**Q** 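Here it is, the structure in full.
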Protein chains: 4
Amino acid sequence: MTTQTPRGDTRARILDVAMELFAEHGYEKTSLREIADRLGVTKAALYYHFRTKEDILAGIVDSMSAPIEDAIAWGEQQEYSPGLRDEIIRRFAEGMAGRQPLLRFFHENQPTIRELAVGSRFKERMMALTRLMQGPEPTFEDRVRAAISLMAINVTQFIAEACADDPASAAQLPDESERRDVALRVSLDIADRIGKPADGAQ
Amino acid sequence: MTTQTPRGDTRARILDVAMELFAEHGYEKTSLREIADRLGVTKAALYYHFRTKEDILAGIVDSMSAPIEDAIAWGEQQEYSPGLRDEIIRRFAEGMAGRQPLLRFFHENQPTIRELAVGSRFKERMMALTRLMQGPEPTFEDRVRAAISLMAINVTQFIAEACADDPASAAQLPDESERRDVALRVSLDIADRIGKPADGAQ
Amino acid sequence: MTTQTPRGDTRARILDVAMELFAEHGYEKTSLREIADRLGVTKAALYYHFRTKEDILAGIVDSMSAPIEDAIAWGEQQEYSPGLRDEIIRRFAEGMAGRQPLLRFFHENQPTIRELAVGSRFKERMMALTRLMQGPEPTFEDRVRAAISLMAINVTQFIAEACADDPASAAQLPDESERRDVALRVSLDIADRIGKPADGAQ
Amino acid sequence: MTTQTPRGDTRARILDVAMELFAEHGYEKTSLREIADRLGVTKAALYYHFRTKEDILAGIVDSMSAPIEDAIAWGEQQEYSPGLRDEIIRRFAEGMAGRQPLLRFFHENQPTIRELAVGSRFKERMMALTRLMQGPEPTFEDRVRAAISLMAINVTQFIAEACADDPASAAQLPDESERRDVALRVSLDIADRIGKPADGAQ
DNA sequence: GATGAATGAGAATTCATTCAT
DNA sequence: GATGAATGAATTCTCATTCAT
């Protein structure tokens, strides 16, 4: 709907390949030559589409922001309630589904993203999301639970991958969709304690 | 009386400064020149103490491993029980206390650590810890809860820092020690569900 | 009309200059900076045309191999005879004529060439040539004569240069073409004894 | 008889090890650290015995010069004759016997030795030797034969080594002493033509 | 007779970037 | 829309050398 160049889209292919490589080796260690090579074009071609390497990064980050922004926009219209909180988690999880490379990408490039302008925008969005989940007058503990709750959605994929490498746990690894259910369950559980007084768990 | 290098321990000073810089800007973006400059020595001096840049990294990682290994060694002697699980979390939290730069360092350099040999050793240790927490015949969900539970210990510090930057939440930020209590509480809460059937939270 | 780089062929110019410098100071002591400076380009330009310093070396070696390979290819088609032997020497001498810098280059960089992969290819070629000169069932002595016979072609140039530096012998130094005749004569003489029994010269 | 430090002689051990390594990898590519490591001492220790790396080289070259100088001294006392010529070759061959590493060393480090002061001394000696072999009023061709004749002594060892690597010729490789006989025979043969008019060999 | 710590100079190599075509 | 050629700045790393102890 909002694509700029419907087809034959080199620009989009660059973003795709770049994201893959940034996710695999990190932003710093990925050179423009690698991106160009994998695309079968020259480095100079990248500069036709993006002004700098950082611009490519920004392009990727932006492409991920849409679903998060949708969730925020929706959430800001609603009155706070535990149900809202859960619904935000569900929408966030849905938005992230099928974006594993992007998730990995974010997970792996935190110092870079943070230092690179594009980072503050992204951080601001994540904080906005967690604010919506915290209700009025949250304690610090509430904030922590909200943030970890969202984190659980993303991190579950990586735990699955780590298990896959481990002979002991590799056996009964659930499939993609079951994994998402687990992530959601754990995330909701964590969020469930938000706003409740500590019940002496310690 | 005041020698240029207070206590001969250049090697240790290198590790310290390197960790700080790696944590701040990431491993890749930190050059040996920066490390040397901040120490007031030449680049070549670093090479007298470490064979490669990667060796410096390994040195840092190893210095963090001791407390984790202690926790593992202890845990492997015990019979499994929920109480053991909680005790492991407590020991882990205690081991991490006061090591904020190290924590940040790990959080920020995942792709590098992973690709750099030293990574697998570290990952193996973390997985051993989570295995101890899972009890016999864990489900995938149990594994996820165990992993996120440990993660909560580390991540809480960063959430605090993020809040500090945010005018809305900066006000009532708790102090270091209270933060650790929060982290522990949240972590134990998450771990509490390990081994229990899903109670229809979703 | 007078562009900075007369005939676009930077790659070839690099090979030329590199060979000259390698011949003069040796491969190890010649830095890429020297090569670049003498060409009026930057070091990085060299890397546009060659992947490594070693690749430049390989390029030079390969450029010398053609005439040798021609001689081998021709020789392998022929039946062995003393006449063949002499003809191989002549073809080799002809192939080397006018390649003094290359010859010097080889003479001076033996340890490097040997250790650098490109070396075994070259050595193999020289051995193939000597094999053609040895006839069937050669003795070790035959091999030695064959090898030294070829060596004589190359080495004569350097002896001439050494004489040039020596006041006593500098006077009646022959010119380039007469030098080649001498080399050929000596070489053929040495080869002449191949296959003949020792005549009690000792 | 002329050793300076009879026993426990680090200085001599340094020369030995250095020669070996220079012969194997070349002077430039051999670092003082390698030498020190193989000796089980520190780099700094080398500096106790030699002022510079170049001094180590000079030490090696000098240690080789003695037998050559003896041959020269003896030769300069004699009247020229073909018999003298042969005797010089024999003395040179004898002097070189059992010094394979040294020979290799010289063969491999020509550009360095030439550029390093020590080089001219050595070259002068070799030229003096060849002069003694040439008789009065030598032609350029005589000089070439004389030089190659000496070269044959040294080069035979390397040809043997090359054959050893070659499956086709490795079989009937003669032993050390027989190799020396071959070298001497070939050398004398080459020298035999000195002073005689070309006999239409071409 | 030797070491431990450090230096200064320089090496090869990589990279983001530019620009004429 | 893209390429080929090149650059400038930086990076990791190596090395001969020095010197206080």
Side-chain angles (χ1 to χ4, degrees), chain A residues 5 8-11 14 27-36 39-56, chain B residues 3-5 8-11 14 27-36 39-56, chain C residues 3-5 8-11 14 27-36 39-56, chain D residues 5 8-11 14 27-36 39-56:
Chain A
T5 348
D9 201 345
T10 304
R11 204 191 122 92
I14 293 173
Y27 173 81
E28 318 286 350
K29 293 232 337 183
T30 304
S31 72
L32 294 186
R33 187 163 67 60
E34 280 176 277
I35 298 175
L39 277 165
V41 299
T42 52
K43 269 186 296 173
L46 305 183
Y47 279 88
Y48 181 81
H49 295 282
F50 295 90
R51 266 186 40 265
T52 65
K53 188 186 182 186
E54 202 176 326
D55 269 24
I56 299 182
Chain B
T3 39
Q4 282 184 229
T5 335
D9 224 343
T10 304
R11 205 193 121 94
I14 292 173
Y27 174 81
E28 320 284 353
K29 292 235 335 183
T30 304
S31 75
L32 296 185
R33 186 169 61 63
E34 283 176 275
I35 299 176
L39 276 165
V41 299
T42 56
K43 275 179 291 168
L46 305 183
Y47 280 92
Y48 179 77
H49 294 282
F50 296 90
R51 268 185 37 266
T52 62
K53 187 185 180 186
E54 197 175 328
D55 267 27
I56 299 182
Chain C
T3 38
Q4 283 183 227
T5 336
D9 222 342
T10 304
R11 205 193 121 94
I14 293 173
Y27 173 82
E28 320 285 352
K29 293 235 333 184
T30 305
S31 74
L32 295 186
R33 185 169 62 63
E34 283 175 275
I35 300 176
L39 278 164
V41 298
T42 55
K43 274 180 293 168
L46 305 183
Y47 280 92
Y48 179 77
H49 293 282
F50 296 91
R51 268 186 36 265
T52 63
K53 188 185 181 187
E54 198 175 329
D55 266 27
I56 299 182
Chain D
T5 348
D9 200 345
T10 305
R11 203 191 124 93
I14 292 173
Y27 174 80
E28 317 286 352
K29 293 233 334 184
T30 304
S31 73
L32 294 187
R33 187 164 64 62
E34 280 176 276
I35 298 175
L39 278 164
V41 298
T42 53
K43 270 186 296 174
L46 304 182
Y47 280 89
Y48 181 81
H49 296 281
F50 296 90
R51 267 187 37 266
T52 64
K53 187 185 183 187
E54 200 175 327
D55 269 23
I56 299 181

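Values in this document were obtained by computation on a predicted structure and should not be read as measured data. Below, read A as the first sequence line, B as the second, and so on, with proteins coming before strands; counting in each chain starts at 1.
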**Q** Looking at every non-hydrogen atom in both residues, tell me the closest pair between Thr30(D) and Glu34(D) and how far apart they are.
**A**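 For Thr30(D) and Glu34(D), the tightest heavy-atom pair comes out as CA-OE1, 3.5 Å.
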**Q** When you get a sec, tell me which of dT7(E), dT17(F), dT17(E) is the closest nucleotide to the side chain of Ala45(B)?
**A**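 Among dT7(E), dT17(F), dT17(E), the one nearest the side chain of Ala45(B) is dT7(E).
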**Q** What's the spacing between Lys29(D) NZ and Glu28(C) CD if we round to 0.5 Å?
**A**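 Going from the NZ atom of Lys29(D) to the CD atom of Glu28(C) covers 5.5 Å.
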**Q** Can you tell me the distance, in whole Å, between the CG atom of Leu32(A) and the P atom of dT17(E)?
**A**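 It works out to 7 Å between those atoms.
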**Q** Distance check needed: dT18(E) P versus Lys53(A) NZ, whole Å only.
**A**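 Spelled out: NZ on Lys53(A) to P on dT18(E) is 15 Å.
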**Q** If I take atom CD in residue Glu54(C) and atom C1' in nucleotide dA11(E), what distance separates them, rounded to the nearest angstrom?
**A**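 Interatomic distance, CD of Glu54(C) to C1' of dA11(E): 15 Å.
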**Q** Quick one: which of dG8(E), dT17(F), dA2(E) gets closest to the side chain of Tyr48(D)?
**A**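 Per side-chain heavy atoms of Tyr48(D), the pick is dA2(E).
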**Q** Could you tell me whether the side chain of Lys43(C) has a donor or acceptor atom within less than 3.5 Å of a complementary atom in the base of dT13(E)?
**A**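 Answer is yes: a donor-acceptor pair is held.
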**Q** Would you say Thr10(C) places a side-chain N or O within less than 4.0 Å of OP1 or OP2 belonging to dA6(F)?
**A**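 Checking Thr10(C) against dA6(F): at least one side-chain N or O falls below 4.0 Å of OP1 or OP2.
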**Q** With a 4.0 Å cutoff (strictly under), does any side-chain N or O of His49(C) reach OP1 or OP2 of dG4(F)?
**A**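 So the side chain of His49(C) is outside the cut-off, no N or O lying under 4.0 Å from OP1 or OP2 of dG4(F).
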**Q** Side chain of Ala44(C), heavy atoms from C-beta onward: which of dC13(F), dT17(E), dC15(E) has the nearest atom to it?
**A**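 It is dC15(E).
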**Q** Could you measure the distance from the CD1 atom of Ile14(A) to the CG atom of Leu46(A)? Nearest 0.5 Å is fine.
**A**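 Separation between the atoms: 5.0 Å.
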**Q** What is the distance from CZ of Arg11(B) to C1' of dA6(E), rounded to the nearest Å?
**A**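 Those two atoms, CZ and C1', are 16 Å apart.
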**Q** May I ask you to verify if any side-chain N or O of Ser31(A) is less than 4.0 angstrom from the OP1 or OP2 atom of dT14(E)?
**A**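 No, because none of the side-chain N or O atoms of Ser31(A) sits under 4.0 Å from OP1 or OP2 of dT14(E).
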**Q** Taking any strand in view, what nucleotide pairs with dT21(E) in a Watson-Crick or G-U wobble way, both distances under 3.5 Å?
**A**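 Result: dA2(F).
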**Q** Return yes if some donor-acceptor pair links the side-chain N/O of Lys53(B) with the main-chain N/O of Tyr27(B) below 3.5 Å, else return no.
**A**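 A pair under 3.5 Å: yes.
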**Q** Rounded to the nearest angstrom, tell me the gap between atom CZ in Arg51(C) and atom P in dT13(E).
**A**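 Going from Arg51(C) (CZ) to dT13(E) (P), I get 10 Å.
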**Q** Once you round it to whole Å, what is the distance between C1' of dA12(E) and CZ of Phe50(C)?
**A**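 To the nearest whole Å, that distance equals 16 Å.
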**Q** From the list dT7(F), dT14(F), dA2(E), which nucleotide is the closest neighbour of the side chain of Thr42(D)?
**A**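 Out of dT7(F), dT14(F), dA2(E), the nucleotide with an atom closest to Thr42(D)'s side chain is dA2(E).
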**Q** Select from Tyr47(B) and Leu46(C) the residue whose nearest nucleotide in DNA chain F is closer to the 5' end of that strand.
**A**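 Looking at DNA chain F, the more 5' nearest nucleotide goes with Leu46(C).
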**Q** Are any of Arg33(A)'s side-chain N or O atoms less than 4.0 Å away from OP1 or OP2 of dT14(E)?
**A**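 So the side chain of Arg33(A) is outside the cut-off, no N or O lying under 4.0 Å from OP1 or OP2 of dT14(E).
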